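When a ligand or atom number is given, it counts from 1 through the structure's own listing order. Note that this is a predicted model, so its numbers are computed, not measured.
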Amino acid sequence: MSSENTPMMQQYYEIKRGLSDTLLFYRMGDFYEMFGEDAVTASSVLGITLTTRDKGKANPLPMCGVPHHSASGYIQRLIKAGYKVAVCEQTADPSACKGLVPREVVQVITPGLIVEENHLDRQRANYLMAVATEGPRYGIAFVDISTGDFRATELNSRLDFESEIGRVSPSEIFTLEAGLAPEGYFVTLANRPLSLERAAESLSAHFGVQGVEGLGLAEYPAALKAAALTLNYVRETQKTILAHLNRLRYYNAGSFLLLGASTRRNLELFDSIAGTRQGTLFHVLNQTVTAMGARRLADWLNFPLMDLSAINARLDAVGELTQAGETLAGLREQLDVVPDLERIIGRVATLKASPRDVVALAEGLEQVPLVKAVLADCTATLLGGLAAELQALPALLERIRATVVDEPPLKLADGGVIRAGVDAELDELRSLRRDSRQWIAELEAKEKAATGLNSLKIGYNRVFGYYIEISKAAAAGAPEHYIRKQTLVNAERFITPELKEYEARLLGAEGAIEAIEKRIFGELREALLAEVPALQATAAVLADLDALGSLACLARQNGYRRPLLTTDRSLSITGGRHPVVEQVLSAGQFVPNSCHFDAEHDNLHVITGPNMAGKSTFMRQAALIVIMAQMGSYVPAERAEIGLVDRIFTRIGALDNLSAGQSTFMVEMAETADILNNATERSLVILDEIGRGTSTYDGLSLAWAVAEYLNARRVRTFFATHYHELADLARRHPGIKNYHMAVEENGHEVIFLRELRRGATGKSYGIHVAKLAGIPAEVVANARLILDSIGRKGKGVPRAAAETAVQTSLFAEPETEPVLDEFKAAVMALELEQLRPIEALNFLYDLKQRLRDS
Ligand SMILES: Nc1ncnc2c1ncn2[C@@H]1O[C@H](COP(=O)(O)OP(=O)(O)OP(=O)(O)O)[C@@H](O)[C@H]1O
Ligand SMILES: [Mg+2]
């Protein structure tokens with residue numbers, strides 16, 4: 001900053017001072033300009049030209065700009081690239097200002113604070129979250145400022161806290177403590193500390209309640225702090241009233257089925273492993289017809305219930321709609337034309353509603369009685385209750401319809417928003433404007449007649465306004481009272497007091513029309529503002545109904561059945577299908593499978609079977625069925641009895657986390673540790689081949705010990721493994737049962753039956769799968785030989801290290817003459833008639849090598 005700064009640049013630096021981490025869009029006429037570092041960053045991210053200000057001077061300042069009318073697209077790209085943007089506007093009309101135009105930051109935009117409709121995903125909420133600690137407690141609050149959805153909760157452990165953040169998956173986390181937000185989120189640090197007292201004050205003031213008791217937060221100081229942080233951040237950045245943030249819901253995270261971040265990923269609830277939306281549970285479930293309904297359904301999937309009566313209430317409603325095909329079709333038909341009321345109300349509440357928003361709101365309200373009528377005969381308590389809560393707000397609807405034209409322009413300033421007949425003065429001014437052409441034509445005729453000048457005509461331009469034009473040749477005949485204004489090559493232009501007076505009235509009318517439209521629309525907005533809570537309640541009901549209708553529609557289409565939820569530890573699914581895989585396969589291709597955990601006796605199922613047999617699919621399908629059931633959905637099974645699950649844990653595959661400095665095996669063990677430390681008798685655990693990432697002995701021993709631990713704690717567990725030794729667990733523990741995925745063998749060919757059967761299997765067929773995958777024939781043949789030769793070495797895995805001797809001895813048998821035994825087995829297994837000479841030679845070579853090594 002130099003002392004030679006112009007007043008404008010001084011103003012710029014003044015505003016920029018508090019925004020060091022934010023790109024400042026500084027309004028100058030029709031452009032937003034950026035300077036200095038901001039310009040360098042923005043020009044490279046946006047690919048726009050970087051220029052300089054004060055070119056000749058010693059330190060020219062980098063600068064770039066974007067046109068104001070296309071700014072929102074640029075802003076969006078910067079936000080996506082991880083930047084924050086502050087929009088600074090001219091707060092007075094430059095033409096009316098002497099000297100410097102006053103400017104002010106009117107909005108700060110960050111990933112969690114997007115309100116522009118076309119930059120938001122219609123089907124997903126966009127949460128800004130604040131996190132805080134208070135003593136040993138972790139507080140979370142999050143808000144979607146596009147709808148006003150505002151909730152808070154509090155947790156006891158760091159782990160639960162992180163899981164809950166994963167559940168909400170906010171776009172941005174606001175916090176006082178840098179280390180509090182987990183990795184991988186867009187984090188904004190608060191620059192001022194917040195005391196509990198101040199937090200309580202600002203919340204009570206905003207919600208107009210006496211103290212935090214009124215908010216239900218008296219016992220949750222960490223949540224209170226997080227909520228106040230959220231609110232303060234939103235207020236500081238939005239700089240507008242926030243009438244839609246009229247309710248803060250405290251919820252108990254423990255009363256919803258919890259799915260940690262890795263489980264959500266593994267089960268592909270919202271995003272597939274491939275990073276797409278296709279192939280996810282939500283993609284299959286979502287049959288909603290409104291954006292609000294889609295978001296509600298997503299919320300139900302994020303927060304599956306654990307309350308039996310709440311689940312059954314939803315199931316009753318879904319059941320009734322599933323049965324009553326006509327009601328369902330009628331409901332969906334009426335909802336289909338309902339606009340995104342929640343977000344429109346969000347704009348109403350922040351005084352951003354456009355004329356089209358208001359008309360859309362009316363269109364939504366018009367559907368309300370129709371939706372109500374469709375549900376008139378429904379008997380399910382939930383449906384009846386929802387229908388009763390629907391408020392049609394007829395007076396408000398009537399007022400909108402009577403005030404605003406049916407198809408208004410996008411912006412109020414474009415004019416023509418208010419109906420004729422609403423305001424007498426407006427009507428008069430409009431007719432004055434409408435009649436102006438005729439008035440001019442009449443004046444022209446009158447002047448022509450009076451002067452007898454045939455070339456006389458009346459015109460208009462921006463500089464002189466209305467004028468009378470007479471050709472040069474005839475100009476001498478202009479009457480006395482004509483005032484000469486401009487001389488052209490071929491003509492002279494004049495004005496008259498009468499013309500100018502009319503012009504003033506006309507231009508005045510323009511301004512007056514705009515002012516009146518603005519006033520009337522403003523009054524309407526105020527009226528809407530007063531009804532925000534009622535509108536929100538109605539929108540919420542419509543969202544619920546759409547989500548329920550979606551589940552019913554899904555159940556009908558796919559032949560889902562109603563699950564039976566219980567409070568014991570049973571998990572019994574007959575003829576279950578994987579909801580997503582089933583859709584990918586053609587009809588009848590998917591093989592249904594059953595599982596049965598007896599509430600009293602069963603804890604752990606060991607599932608063996610070859611590669612590609614369907615183990616992973618089967619286990620995931622069980623987890624998805626549980627989630628769907630607890631959402632209140634029908635499920636892809638003939639019968640499902642499910643003892644309520646509090647958490648689903650999964651340990652699947654090897655997801656590397658090398659960037660966080662952890663090896664594959666380290667990640668695997670960390671996730672396993674999480675499971676062992678947190679699984680309860682109510683949990684469901686899916687372990688897909690644990691211990692794979694380390695040496696066979698370590699892996700097997702760990703897998704064995706993990707299985708015993710979970711069994712001892714009576715955690716319902718599916719345990720898929722390629723360690724066939726684990727089949728012995730079932731002999732030692734009654735709570736552990738063996739299952740396998742059946743295959744049929746036909747020479748060297750294997751047919752996958754995808755059928756789960758009792759008992760263990762002894763073979764892996766990994767080499768067969770390798771062949772299917774295109775491993776060269778030579779390698780496959782050689783692998784078979786090696787397998788044959790080593791596979792018969794013993795019935796189990798040899799002794800491990802001394803400290804695991806007790807356990808490993810369970811699966812290792814004493815070996816007398818290991819090398820000879822091995823050779824005997826290998827030779828006996830040779831199928832001589834199928835052996836090619838080269839294979840025989842290889843075999844001999846192999847034998848000799850081993851003799852030498854032993
Ligand atoms: N019940 C089923 N009916 C029809 N096809 C199925 C079924 N289960 C699985 N499949 C198909 O088989 C493929 C392999 O299944 P999956 O990945 O579950 O096998 P896996 O036993 O876990 O194999 P691996 O041991 O290699 O992990 C799936 O991609 C799916 O297309
Ligand atoms: Mg698998």
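- Qualifying side-chain hydrogen bond (donor to acceptor under 3.5 Å, both in side chains) partners for D602, counting only residues two or more places apart in sequence or in other chains: K737.
- Classified by interplanar angle (parallel below 30°, tilted 30° to 60°, perpendicular above 60°), the ring pair F270/F282 is tilted.
- In terms of modelled atom types and a separation under 3.5 Å, the side chain of D299 and the main chain of R295 share no donor-acceptor contact.
- Within 6.0 Å of the CD atom in E681, the count of heavy atoms belonging to other residues, nucleotides or ligands exceeds 12.
- A pairwise comparison of heavy atoms in M628 and P579 identifies SD-CG, 4.0 Å as the closest pair.
- Between the choices N593, V591, N611, V584, the shortest heavy-atom distance to atom 26 (O) of ligand 1 belongs to N611.
- Less than 4.0 angstrom separates atom 29 (O) of ligand 1 from none of the non-hydrogen atoms of the protein.
- Shown are the protein N/O/S atoms under 2.8 Å from the Mg ion (ligand 2), given by residue and atom: S616 OG.
- What sits closest to atom 20 (P) of ligand 1 on the protein, heavy atoms only, is K615 N, 3.5 Å.
- Summarising the local packing, CZ of R122 is surrounded by 12 or fewer heavy atoms from other residues, nucleotides or ligands at distances under 6.0 Å.
- A donor-acceptor pair under 3.5 Å is formed between the side chain of H740 and the backbone N or O of G759.
- Given atom 31 (O) of ligand 1, the protein heavy atom at minimum distance is V581 CG1, 4.4 Å.
- The N/O atoms of G614, backbone and side chain alike, include one that comes under 3.5 Å of an N/O atom in ligand 1.
- Side-chain rings of F618 and F718 approach one another, their centers coming within less than 6.0 Å.
- Under 4.0 angstrom from ligand 1, the non-hydrogen atoms of H722 all belong to its side chain.
- Closest approach of R264 to N302, counting heavy atoms only: NH1-OD1, 2.6 Å.
- The backbone N or O of I652 sits nowhere less than 3.5 Å from a side-chain atom of D688 that would complete a donor-acceptor pair.
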task: Would you please test Y560 and Y634 for ring-ring contact (aromatic ring centres under 6.0 Å, His included) and show each step?
output: CA-CA 5 Å; Y560 290 176; Y634 276 31; 8.4 Å; no
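- Ligand-side atoms of ligand 1 in range of Q589: 4 (C), range being under 4.0 angstrom from any heavy atom.
- Proximity annotation for atom 16 (P) of ligand 1: of I607, T617, L585, T617 comes nearest, heavy atoms only.
- For atom 23 (O) of ligand 1, the nearest non-hydrogen atom of the protein is M612 N, 2.8 Å.
- Contact between E668 and E689 at its shortest, heavy atoms only, is OE2-O, 4.2 Å.
- Using a 4.0 Å cutoff on heavy atoms, G609 does not count as a contact of ligand 1.
- Here the heavy atom of the protein found nearest to atom 5 (N) of ligand 1 is R754 CD, 3.5 Å.
- In the vicinity of S616, heavy-atom distances shorter than 4.0 Å reach the ligand 1 atoms 18 (O), 20 (P), 22 (O), 27 (O).
- By the criterion of a heavy-atom distance under 4.0 Å, the side chain of E689, and not its backbone, is placed next to ligand 1.
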- prompt: Between H722 and N611, is a side chain to side chain donor-acceptor pair (under 3.5 Å) present by the stated rule, with each step listed?
  reply: CA-CA 9 Å; H722 286 287; N611 296 102; 3.2 Å; yes
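- Contact annotation: P610 has at least one heavy atom less than 4.0 Å from an atom of ligand 1.
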